[in-house]
Amino acid sequence: MAVTVVVVDDQAMVRQGFSALLGAQDDISVLGDAADGVEAVALCARVRPDVVLMDVRMPRKDGLRATEEILRASAGSAPTTRVLMLTTFDIDDYVYEALRVGASGFLLKDAPADELVRAVRVVAAGEALLAPSITRRLIAEVTSRRARAPRHQAVEQLTPREREVLDLVADGKSNGEIAAELFVSEQTVKTHVSSVLTKLALRDRAQAVVFAYENGLK
């Protein structure tokens, strides 16, 4: 079944270019595009895409507010809509906030075409796009400028192995990379990650990374 996508950007050429690129893939179907956050929220409510490519800065309603509304409306429904933020800035507070409200990662607009296609597939599969070092640098930069909150009590519920897995997730490692480092199967890693997310009441791996930095675990 094809991954369904909505493209959101205030520049028509960007929308058209991304839509054409993604639509040319056998396993991706573009359901529509939107020029701002207001249009994006309405369109996503109507077509329920698997993935939204969301620009950060737009008129009327920015990508952060639109992401928050789309994810809130999608919560508990099927399919679950996931948001991949697009930005021209590698250090951007808006992007960090979007990760906090549940976006599954972000990508620079000038990323190679094959990287954009891969990112959509990764996010659609339920993974967070955390591998690029830029993501870790953004989180580290922003959190270093903020007062860290006292460590969340839920951390104490994690087993030593779960803490270890959370640490590696926060480094941006994939399940396969974590499995290789810990000498366990990928399925075991998936089980640990799922347990970590449940115990910490987090939506996905992106929020796990933010949690780790905000609570002084990195």
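Contact annotation: the side chain of Glu115 never approaches that of Leu108 to less than 4.5 Å [non-hydrogen atoms, C-beta and beyond]. Taking the side chain as every heavy atom from C-beta outward, Leu86 and Val7 never approach each other to under 4.5 Å. Between Val155 and Arg163 there is a side-chain heavy-atom pair separated by less than 4.5 Å. The closest side-chain heavy-atom distance from Lys109 to Gln11 is below 4.5 Å. Using a 4.5 Å cut-off on side-chain heavy atoms (C-beta onward), Arg205 and Asn175 make contact. By the 4.5 Å heavy-atom criterion applied to side chains, Val8 and Leu43 are not counted as neighbours. Residues Val189 and Glu181 form no side-chain contact, since every pair of their non-hydrogen atoms from C-beta on lies 4.5 Å or further apart. Side-chain contact between Pro49 and Val5 is absent, with no heavy atoms from C-beta onward closer than 4.5 Å.
Note: Leu116 CG to Leu53 CG = 5.5 Å, rounded to the nearest 0.5 Å.
Connection of Ile28 to Val14 is established within a shared hydrophobic cluster, with ILVMFWY side chains joined at heavy-atom distances below 4.5 Å, either directly or through further cluster members. Residues Val6 and Val38 do not share a hydrophobic cluster, defined by chaining ILVMFWY side chains whose heavy atoms lie under 4.5 Å apart.
Residue Val56 comes nearest to Asp62 through the heavy atom pair O-CB, 3.5 Å, listed as atom of the first residue, atom of the second, then distance. Across all their heavy atoms, Val209 and Val169 have their closest contact at CG2-O, 3.6 Å. Counting all heavy atoms, side chain and backbone alike, Val52 lies closest to Cys44 at CG2-SG, 3.5 Å. Of all heavy-atom pairs spanning Val123 and Ser104, the tightest one is CG1-CB, 3.8 Å. Residues Val51 and Val120 approach most closely at CG2-O, 3.9 Å, considering heavy atoms. Across all non-hydrogen atoms, the minimal contact from Leu202 to Ala208 is CD1-CA, 3.5 Å.
Salt-bridge formation is not detected for the pair Asp55/Arg15: no Lys NZ or Arg NE/NH1/NH2 atom is positioned less than 4.0 Å from an Asp or Glu carboxylate oxygen. A salt bridge links Arg161 with Glu164: the distance from a Lys NZ or Arg NE/NH1/NH2 to an Asp or Glu carboxylate oxygen falls below 4.0 Å.
Under the 3.5 Å distance criterion, the side-chain polar atoms of Ser194 are left unmatched by any main-chain donor or acceptor of Lys190.
If you run side-chain hydrogen bond (donor to acceptor under 3.5 Å, both in side chains) between Glu162 and each of His192, Lys199, Gln157, only Lys199 comes through.
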